[in-house]
Amino acid sequence: MKDIGMVIIGAGESGARAAVELRAKGWAGSITLIGNEDQLPYERPPLSKHQLYQDEEPIPTAIVTRQQISDNRIQLISDDPAIKIDPVNHVVELKSGLSVPYERLLLAIGARSRQLNVPGAGAQEILYLRNFADALRLRGRLQPRKHIAIIGGGFIGLEVAASAIAKGCRVTLIEVAPRILMRGVPKEIADEVEQLHRHNGVEFIVGKMIDSVDKTESGYRVVLADGSDVACDVVLAGVGAIPETTLAEDCGLEIENGIKVNEYLVTSDPDIWAAGDCCSFPHPLYGGRRIRLESWRNAQNQGAHAAASMLGSLEPYASVPWFWSDQYDQTLQVAGLTDGTEQIVFRDMGDAGKLYFHLAQDGRLVSVSGIGPEGGLSKNFRFAEMLAEKQAKPDPASLADNAVSLKGLLKNS
């Protein structure tokens, strides 16, 4: 009789981590990991960074090697997307026609690039960045002295801007919102990041709507609502992501800003879990508020947490949201959600960077954000993040004073 065990749809960060963690936590049955790319599970953060500008031909950065897959007795099915879930009979159907039975199922299917919705944006030459194939396509277009127009001032757009500058391109970044990094990043950090990019030669157009993207004989023309335009050689759209929910919707799972899961990452079907960019979940640090996160650490942490939950753990998922981005020689980090905070306390650490502490009305530290050189920022940031994890109420004056040890504040909180 065929072993009916754990099946994971999605061979990205969440799915791969869950597969390894299931085995590490003692699951002895079968583990099947289903992916839609002809690659080993790979890391996505490098796609917008050094893999765009490094001299040598890039290769995907593997999350797990073939040896690890073999050692953990994981059956990896690559380049064969799941097209249907039958929750009554506990079967996943693949594009190839293969049927995979499951005892318990994890959906780690991520998100897809939001498409630019203006006239002319349907042109195939407009680029997006979501997977390794996208990165190779974009890398081939980033040539010295070429003019790159980037639509979208989020992490992807800004990281690609820095990579394009490193390749000797001219870069114009267009953001229709009032400022860059509107989602989850405080204005103080966003202003620092914009100045960093301007210093390195990026041109910014902020707060202007886009009317159309037109193909020309020499390239493209991005036409703005005020009648001005940007003539360029390449257009990259980095305008957000949409959670993948089609499989879940088709099999009757509840949807709410992604696949709806409870505090244990269980969907409305008790035998199906979801993790990573595709799901929304209640967070206990924010009063049970339902959130959805698109970040590397959340995908990794939720993959491991889902594995434990699938094996019977009743520990709620409560990791502090954490985001990071490397641009030029600086790293940006944000821990926690900054919206709704009442007070911001600034700490200048000199050459080690800058920290901004975000306090709730009752004095609780609920979020911290920082920018600086990676080596100088990370250690201090980790102590600050741990203060936020504890929901500590540190003295604002001590937070602002660089002579006061954050490690000491943590010990005394």
Side-chain angles (χ1 to χ4, degrees), residues 8-20 33-69 74 76-82 94-96 107-116 124-143 146 148 150-152 154-167 169 234-244 275-278 294-300 302-303 323-327:
I8 301 167
I9 302 177
E13 193 72 46
S14 277
R17 297 295 178 186
V20 173
L33 180 62
I34 301 168
N36 60 5
E37 295 181 70
D38 189 17
Q39 302 278 358
L40 287 174
Y42 62 88
E43 302 281 7
R44 296 185 186 268
L47 300 181
S48 56
K49 304 180 182 73
H50 64 270
Q51 290 185 349
L52 289 181
Y53 62 80
Q54 66 189 37
D55 291 335
E56 61 273 19
E57 190 70 16
I59 58 174
T61 304
I63 299 170
V64 288
T65 64
R66 290 197 184 278
Q67 188 62 52
Q68 289 172 313
I69 290 171
I74 298 167
L76 175 63
I77 300 176
S78 299
D79 199 22
D80 195 1
L94 307 186
K95 185 178 181 180
S96 65
L107 302 180
I109 46 183
R112 64 184 184 274
S113 295
R114 186 183 299 276
Q115 302 296 291
L116 187 64
Q124 292 182 357
E125 294 87 351
I126 291 182
L127 302 180
Y128 297 86
L129 181 57
R130 192 70 194 176
N131 56 37
F132 186 69
D134 293 338
L136 290 182
R137 192 175 302 113
L138 176 59
R139 174 185 165 88
R141 303 292 297 276
L142 298 183
Q143 301 297 327
K146 293 291 186 181
I148 314 300
I150 298 173
I151 300 174
F155 284 151
I156 291 294
L158 291 162
E159 289 171 0
V160 171
S163 297
I165 289 292
K167 289 286 288 185
C169 301
V234 180
V235 178
L236 171 82
V239 290
I242 299 172
E244 287 285 5
D277 295 11
C278 67
E294 298 169 9
S295 77
W296 172 83
R297 185 189 283 182
N298 180 68
Q300 185 181 75
Q302 283 198 339
F323 310 88
W324 68 283
S325 177
D326 290 335
Q327 299 170 36

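This is a predicted model, so every value here is computed, not measured.
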Taking all atoms of both residues into account, what is the closest heavy-atom pair of A18 and G303, and its distance?
-> CB-O, 3.2 Å
After noting the C-alpha distance and the side-chain angles of Q327 and S325, does the key distance pass the side-chain hydrogen bond (donor to acceptor under 3.5 Å, both in side chains) rule?
-> CA-CA 6 Å; Q327 299 170 36; S325 177; 2.8 Å; yes
Look at R17 together with E43 and state whether they make a salt bridge at an N to O cut-off of under 4.0 Å.
-> yes
Flag side-chain contact, heavy atom, 4.5 Å: W324 against P45 = yes
Please tell me if the side chains of S113 and L129 come closer than 4.5 Å, counting only heavy atoms from C-beta onward.
-> no
Taking atom CD1 of I77 and atom CD1 of I9, what is their separation to the nearest 0.5 Å?
-> 10.0 Å
Does the D80 side chain pair with the main chain of S96, one donor and one acceptor, at a distance under 3.5 Å?
-> yes
For Y128, the option from L138, L116, I156 that meets side chain to side chain contact (heavy atoms under 4.5 Å, CB included) | L116
Here the gap from L236 atom CG to I151 atom CD1, rounded to the nearest 0.5 Å, amounts to 8.5 Å
Output, in order, the C-alpha distance, side-chain angles, deciding distance and verdict of side chain to side chain contact (heavy atoms under 4.5 Å, CB included) for D134 and L127.
-> CA-CA 8 Å; D134 293 338; L127 302 180; over 6 Å; no
Test side chain to side chain contact (heavy atoms under 4.5 Å, CB included) applied to I74 and I8, step by step = CA-CA 10 Å; I74 298 167; I8 301 167; over 6 Å; no
Of the non-hydrogen atoms in C169 and I165, which two are nearest, and what is the gap between them?
-> O-CD1, 3.7 Å
Using modelled atom types only, decide if a donor and an acceptor are shared between the side chain of E244 and the backbone of C278 within a distance under 3.5 Å.
-> no
Which heavy atom of A164 sits nearest a heavy atom of L142, and at what distance?
-> CB-CD2, 4.1 Å
Could you tell me whether the side chain of R141 and the main chain of V235 form a donor-acceptor pair under 3.5 Å?
-> no
Over all heavy atoms of both residues, which pair between D277 and R130 is shortest? Give the atoms and the distance, please.
-> OD2-NH2, 3.2 Å
Side-chain contact, heavy-atom cut-off 4.5 Å: Q302 with E13?
-> no
Counterpart residues, side-chain hydrogen bond (donor to acceptor under 3.5 Å, both in side chains), relative to Q51 (two or more places apart) | T61
Spacing of I242 atom CD1 and E294 atom CD [to the nearest 0.5 Å] = 10.0 Å
Are side-chain heavy atoms of V64 and L76 found at a separation under 4.5 Å?
-> no
Test item: L52 and K167 side chains (from C-beta on) under 4.5 Å apart, heavy atoms | no
Distance-only, no hydrogens or angles: does the S163 side chain make a donor-acceptor pair with backbone N or O of K49 under 3.5 Å?
-> yes
Should the pair R44-E37 be classified as a salt bridge under the 4.0 Å nitrogen-to-oxygen rule?
-> yes
Please name the pair of heavy atoms, one in S14 and one in A299, separated by the smallest distance, quoted to 0.1 Å.
-> OG-O, 2.5 Å
Considering all heavy atoms of both residues, which atom of P60 and which atom of F132 are nearest to each other, and what is their separation?
-> CD-CZ, 3.6 Å
Do the side chains of L33 and P41 get nearer than 4.5 Å, heavy atoms only?
-> yes
How many angstroms lie between CG in L136 and CD1 in I59, if you round to the nearest 0.5 Å?
-> 11.5 Å
